[in-house]
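Following: one structure in structure tokens, then a few remarks.
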2 protein chains.
Amino acid sequence: MRDTIDCGATQFSIRELCDAFEVTPRTLRFYESQELLSPRREGARRVYSLRDRARLRLILRGKRFGFSLAEIRELLDLYDMGDGQLLQLEKTLTSAYEKRDQLEAKRRDLNAAIEDFDQQIRVIERMLAEKKSDFSTAV
Amino acid sequence: MRDTIDCGATQFSIRELCDAFEVTPRTLRFYESQELLSPRREGARRVYSLRDRARLRLILRGKRFGFSLAEIRELLDLYDMGDGQLLQLEKTLTSAYEKRDQLEAKRRDLNAAIEDFDQQIRVIERMLAEKKSDFSTAV
DNA sequence: ATCAATCTTGACGTTTACGTCAATGTAACT
DNA sequence: AGTTACATTGACGTAAACGTCAAGATTGAT
């Protein structure tokens with residue numbers, strides 16, 4: 001929300017976007033070569049729109065979840081294709097449901113991981129407590 | 001739980017483990033070279049224990065979340081080091097809390113992503129509904 | 001006008017996480 | 001004893017996702 005709306009300008013140079021998201025120009029150009037971004041040009045220079053900025057957010061978020069750039073592109077495509085014909089829309093929706101299932105699965109997986117890890121933490125906490133009482137009784 | 005406990009045997013050949021987790025022998029050998037696994041040997045052959053099996057589960061789960069093998073090793077180390085001295089235990093616990101925070105952050109991130117995506121899905125659903133009513137009124 | 005800073009496009013290098021042989025060893029049938 | 005089947009260790013190859021230079025083009029400041 002902050003990133004999408006509250007970012008002052010409505011156009012960004014490559015450097016501004018890089019600074020904002022802590023990536024390098026090379027990264028943005030690479031994403032463009034992979035057709036994840038498509039900034040317009042002013043002369044030769046790239047000019048990124050709010051939409052580009054929003055897409056970049058999604059890209060980086062996807063990466064944090066371990067999605068490949070190819071998978072991320074599929075996701076981005078789903079965000080775009082709000083136009084198209086009826087049949088196209090239905091296809092989009094079907095893919096969207098599938099993607100959503102993927103995300104859900106990841107969430108369940110993550111929740112399980114956190115539970116396991118918490119349990120492990122409690123084991124260590126207990127050991128620490130025991131060691132401390134050992135120490136106090138030894139004194 | 002199923003994988004950890006209910007897997008019949010208590011020792012596994014490389015092939016059994018590969019089949020169980022759908023990875024290749026090369027992968028297991030690579031993990032071993034990175035010191036993520038350390039099966040004992042019978043002659044030259046690798047023999048994996050239940051502990052190895054559990055670690056492999058954690059490795060693959062970590063990968064699904066986009067952790068690098070290096071990061072995963074840190075996590076595994078935390079699971080191991082239940083021994084060690086008092087000071088060591090406290091350090092372990094501190095690292096464990098940090099890792100837990102990382103996982104929490106990832107969970108928040110994922111929840112946000114799912115919410116965003118659901119919203120996008122609803123947009124498409126609405127468009128589809130409109131298009132359909134357009135069609136029916138057009139007839 | 002010029003000089004430094006910043007952008008551009010190649011092109012090649014690098015890291016991670018394995019894949020893919022090749023050569024060899026060994027266990028288990030037959 | 002011979003063959004089939006799978007295991008082991010190198011060693012080299014590869015795809016993804018950039019990093020890193022090189023060589024020009026532009027643009028703003030002096």
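We use all heavy atoms of the structure for the numbers below, so side chains are in, but hydrogens, waters and symmetry mates are not. Chain A is the first sequence line, chain B the second, and so forth, proteins listed ahead of strands; every chain is numbered from 1.
- Protein atom CG of A:Leu28 is 10 Å distant from nucleotide atom P of D:dC18, rounded to whole Å.
- Salt-bridge formation is not detected for the pair A:Glu98/A:Arg100: no Lys NZ or Arg NE/NH1/NH2 atom is positioned less than 4.0 Å from an Asp or Glu carboxylate oxygen.
- In this structure, A:Arg15 atom CZ and D:dG28 atom C1' are separated by 17 Å, rounded to whole Å.
- Atom CD in B:Glu32 sits roughly 12 Å away from atom P in D:dG10 (whole-Å rounding).
- Comparing C:dC7, C:dA17, D:dG19 against the side chain of A:Thr27 picks out D:dG19 as the nearest.
- Rounded to an integer number of Å, the gap from A:Glu42 CD to D:dA25 C1' is 16 Å.
- For A:Glu35, the CD atom is loosely surrounded, since the number of other residues' heavy atoms within 6.0 Å does not exceed 12.
- Between A:Arg40 atom CZ and C:dT8 atom P there is a gap of 13 Å when expressed in whole angstrom units.
- For the pair B:Ala44 and B:Lys63, both in contact range of DNA chain C, the more 5′-proximal nearest nucleotide belongs to B:Lys63.
- In this structure, of C:dC7, C:dA17, C:dT9, it is C:dT9 that holds the atom nearest to the side chain of A:Arg46.
- A:Tyr31 has its OH atom 13 Å from the C1' atom of D:dG19, to the nearest Å.
- For D:dT20, the base has a donor-acceptor partner in the side chain of A:Arg26 [N/O atoms by modelled type, under 3.5 angstrom].
- For the pair A:Phe30 CZ and C:dG10 P, the computed distance is 16 Å after rounding to whole Å.
- Using a 4.0 Å heavy-atom cutoff across all strands shown, A:Arg29 reaches at least one base atom of the nucleic acid.
- With 3.5 Å as the limit, one finds no donor-acceptor pair spanning the side chains of A:Thr92 and A:Ser95.
- Taking side-chain N and O atoms only, A:Thr24 has no distance below 4.0 Å to OP1 or OP2 of D:dC18.
- A side chain to side chain contact (heavy atoms under 4.5 Å, CB included) with A:Phe12 is found for one member of A:Leu50, A:Asp52, A:Leu56 and no other, namely A:Leu50.
- Each of A:Arg45 and B:Arg41 was assigned the nucleotide of DNA chain D with the nearest heavy atom; the assignment lying further toward the 5' end belongs to B:Arg41.
- Look at CD on A:Glu22: it is 14 Å from P on D:dC18, rounded to the nearest Å.
- Comment: B:Arg73 does not engage B:Asp77 in a salt bridge, judged by the lack of any side-chain N to carboxylate O separation of less than 4.0 angstrom.
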